Amino acid sequence: MTELASASYDRQSKGGLTFVIGLNLCLAGIYTNFGFHVGGRPATGVLVIAGAMFLVPHMVPHMRSLFWLGWLVFFLTVSLVAGGSGAVLFEKRLTSWLQIIVALGCAHIVLCAIVYPKTVRKTLFLWLMFIVVGMILETIFSPIRELSDAFRHVVFLKELLYVDDVRDLNIYGFVRPKLFTAEPSHVASGFVIFGAGWYVLSSLRRRFILMLICTILAILFLGSPFVLLALPLAWFLDRMASGHAVFGLVAAGVPLLGIVALILMRFSTRFADILSGKDTSFFVRFLGPYEVALKSIEQYPLFGVGIGAKPALDRHIDIVYSSFGSSWVDDHRLYLLNNAFANSLSFFGLAGAAIFFFLIARWAKGFGIRALVSLLVILLLFQLDGGLETLRMWGSIAVVLGCYAMARENNVRETEEAPPGVP
């Protein structure tokens, strides 16, 4: 039994108003990535911080996790001080160091506090339905789209707004819904996170069918390859939480099949562009960041350039993205390292990345989360976004892992409380 069991006496309670407010603020922060400028730089994830503050009174202590969180902070501090890029970029690296420390702290609070499965399950279901119904309405009814666009242009930072509707029309044949977020990929990420979290907590007998219907609708009306990750990830987490036998290698590969299937079935034209290297989105999310990481590892193989030292990678970025033109690279530099796992290799190097993920797995283990589960979830979500240091990334990880931990704890308790001879 994990330390989470210490809160089992009030698991059936709803958590109260502060818990509901804190949870919804965190989910809103994950979904919207709302932020503002601080010192001339975009600072996002403020809603996650606000939500975490509301969740503090509901925290259940997890001393083992706190111990490993301390080692994570120590490791990140060493990366800050001794990174291969030297003291020239120390100020920029210090900002990234502060960001990831705050993000991990908020993730720790969320994991300690979400101990009310019924409230979390119902809240995630409402958010999931908001996404599914909302993206349909925004696609069909122009007033909803106009309202969403007006909200986006008022609330979100200009440099973070997706405005390339022409690209959507050329690739998908329709303008993808943004649904009150900065870009369509945030809607898709929210679908994956909220859907997987709800699924693993739900006892609904036909939840697989319901999730499958939602996924099909998301494919049709959102057009993002990422949405196909929701159901395989949910299935994997549910199997692991219930203790059913799952072959690790097969389970770890299941979510990847979703991307391949979608590209082959839904986007044959885009698939051809990906193979020829002409698909810009795929390049900046996968090929480009990994090529930059390989060049960085050649220069700093063991411990990388240091946490957040993206300017030290500019020379590699210019080389990797040279075919796009220098002016395009300068205009889009903020988005050219859009893969958190590749960035972890660049920042920490091979040895440093191994240490980082080991410490993360041990931190999650303190919540009763197996290393296979925590690392799979983290590596998967790291492919969806480049924000290794961001509150949105670590908030998403905390929600998914927290739902798994609650589902696993409930299954363990039900097994222990079952009368002898009852399967």
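Residue indices begin at 1 and follow the sequence shown. Predicted, not measured: the structure shown is a model, and the values here were computed from it.
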Close side-chain approach of Tyr199 and Leu233, heavy atoms under 4.5 Å
no
Please find the pair of heavy atoms, one from Val187 and one from Pro177, that lie closest to each other, and give the distance.
CG2-O, 4.0 Å
OG of Ser242 to CG of Leu237: how many Å apart, nearest 0.5 Å?
10.5 Å
Looking only at non-hydrogen atoms, find the nearest pair between Ser346 and Ala293 and report the distance.
OG-CA, 3.2 Å
Cut-off 3.5 Å, side chains only: do Thr18 and His58 have a donor facing an acceptor?
yes
Close side-chain approach of Phe191 to Leu217, heavy-atom, < 4.5 Å
no
Test item: Phe221 and Val132 side chains (from C-beta on) under 4.5 Å apart, heavy atoms:
no
Go through Cys403 and Leu124 one step at a time and tell me if the side chain to side chain contact (heavy atoms under 4.5 Å, CB included) criterion holds.
CA-CA 10 Å; Cys403 290; Leu124 288 174; 3.5 Å; yes
For Leu222 and Pro184, the nearest pair of non-hydrogen atoms, with its separation, is CD1-O, 4.3 Å
Using atom types as modelled and distance alone, determine if a side-chain donor or acceptor of Ser79 lies under 3.5 Å from a backbone N or O of Ile307.
yes
Hey, can you tell me if His62 and Phe367 have their rings parallel, tilted or perpendicular (30° and 60° cut-offs)?
tilted
What I'd like to find out is whether the side chain of Trp235 reaches to under 4.5 Å of the side chain of Asp238, using heavy atoms alone.
no
Mind checking whether Asp314 and Ile317 have side chains closer than 4.5 Å, heavy atoms only?
yes
Trp394 side chain to Leu388 backbone, donor-acceptor under 3.5 Å
yes
From CA spacing to verdict: side chain to side chain contact (heavy atoms under 4.5 Å, CB included), Leu372, Phe236
CA-CA 11 Å; Leu372 173 64; Phe236 168 75; 4.1 Å; yes
Looking only at atom types and distance, does a side-chain atom of His108 sit under 3.5 Å from a main-chain N or O of Leu104, one as donor and one as acceptor?
no
Under a 4.5 Å cut-off applied to non-hydrogen side-chain atoms, are His186 and Thr32 in contact?
no
Drop me the distance from Leu391's CG to Phe34's CZ, to the nearest 0.5 angstrom.
13.5 Å
Does Ser202 reach the main-chain N or O of Trp198 with its side chain, forming a donor-acceptor pair under 3.5 Å?
no
Taking ring pair (Phe, Tyr, Trp, His ring centres under 6.0 Å) as the criterion, tell me which of Phe348, Phe357, Phe358 meets it with Phe75.
Phe348
Over 12 non-hydrogen atoms of neighbours within 6.0 angstrom of CZ in Phe54:
no
Using atom types as modelled and distance alone, determine if a side-chain donor or acceptor of Ser65 lies under 3.5 Å from a backbone N or O of Trp363.
yes
Any chance you could measure Glu146, atom CD, to Glu138, atom CD, to the nearest 0.5 Å?
10.5 Å
pair Asn33-Phe156: side-chain heavy atoms closer than 4.5 Å
no
In Å, rounded to the nearest 0.5 Å, how long is the span from CD1 of Ile131 to SG of Cys214?
10.0 Å
If you take all heavy atoms of Ile30 and Ser396, which pair is closest and at what distance?
CG2-OG, 3.2 Å
Polar side-chain atom of Ser148 near backbone of Phe180 as donor-acceptor pair, under 3.5 Å
yes
Any side-chain heavy atom of Phe347 sitting closer than 4.5 Å to one from Phe356?
no
Considering all heavy atoms, the nearest Ser374-Ala361 contact:
OG-CA, 4.0 Å
Which class fits the ring pair Tyr290 and Phe341: parallel under 30°, tilted 30 to 60°, perpendicular over 60°?
tilted
Checking side chain to side chain contact (heavy atoms under 4.5 Å, CB included) for the pair Ser296/Val305: CA distance, chi angles, key distance, verdict?
CA-CA 7 Å; Ser296 174; Val305 297; 3.7 Å; yes
Out of curiosity, Phe141 CZ to Leu147 CG, how far, rounded to the nearest 0.5 Å?
14.0 Å
Would Trp68 and Leu72 satisfy side chain to side chain contact (heavy atoms under 4.5 Å, CB included), going step by step from the backbone distance to the final call?
CA-CA 6 Å; Trp68 289 106; Leu72 268 169; over 6 Å; no
Examine distances only and state if a side-chain atom of Ser96 and a backbone atom of Arg93 form a donor-acceptor pair shorter than 3.5 Å.
no
Main chain of Tyr162, side chain of Arg152: is a donor-acceptor contact present, judged purely on distance under 3.5 Å?
yes
Just one of Leu401, Val399, Val400 clears the side-chain contact (heavy atoms from CB on, under 4.5 Å) bar with Ile397, so which one?
Leu401
Is the backbone N or O of Gly29 less than 3.5 Å from a side-chain atom of Arg392, with the two atoms forming a donor-acceptor pair by type?
no
Inspect the surroundings of CZ in Arg207 and state if more than 12 heavy atoms from other residues, nucleotides or ligands are less than 6.0 Å away.
yes
Hey, what's the ring geometry for Phe194 with Trp127, parallel, tilted or perpendicular (30° and 60° as the breaks)?
tilted
Say you draw a straight line from CD1 of Ile319 to CD of Glu291; how long is it, rounded to the nearest 0.5 Å?
11.0 Å
Could you tell me if Arg285 sits above the aromatic ring of Phe226, with its cationic atom closer than 6.0 Å to the ring centre and no more than 45 degrees from the axis?
no
Give the minimum heavy-atom separation between Met406 and Ile114, together with the two atoms involved.
SD-O, 3.0 Å
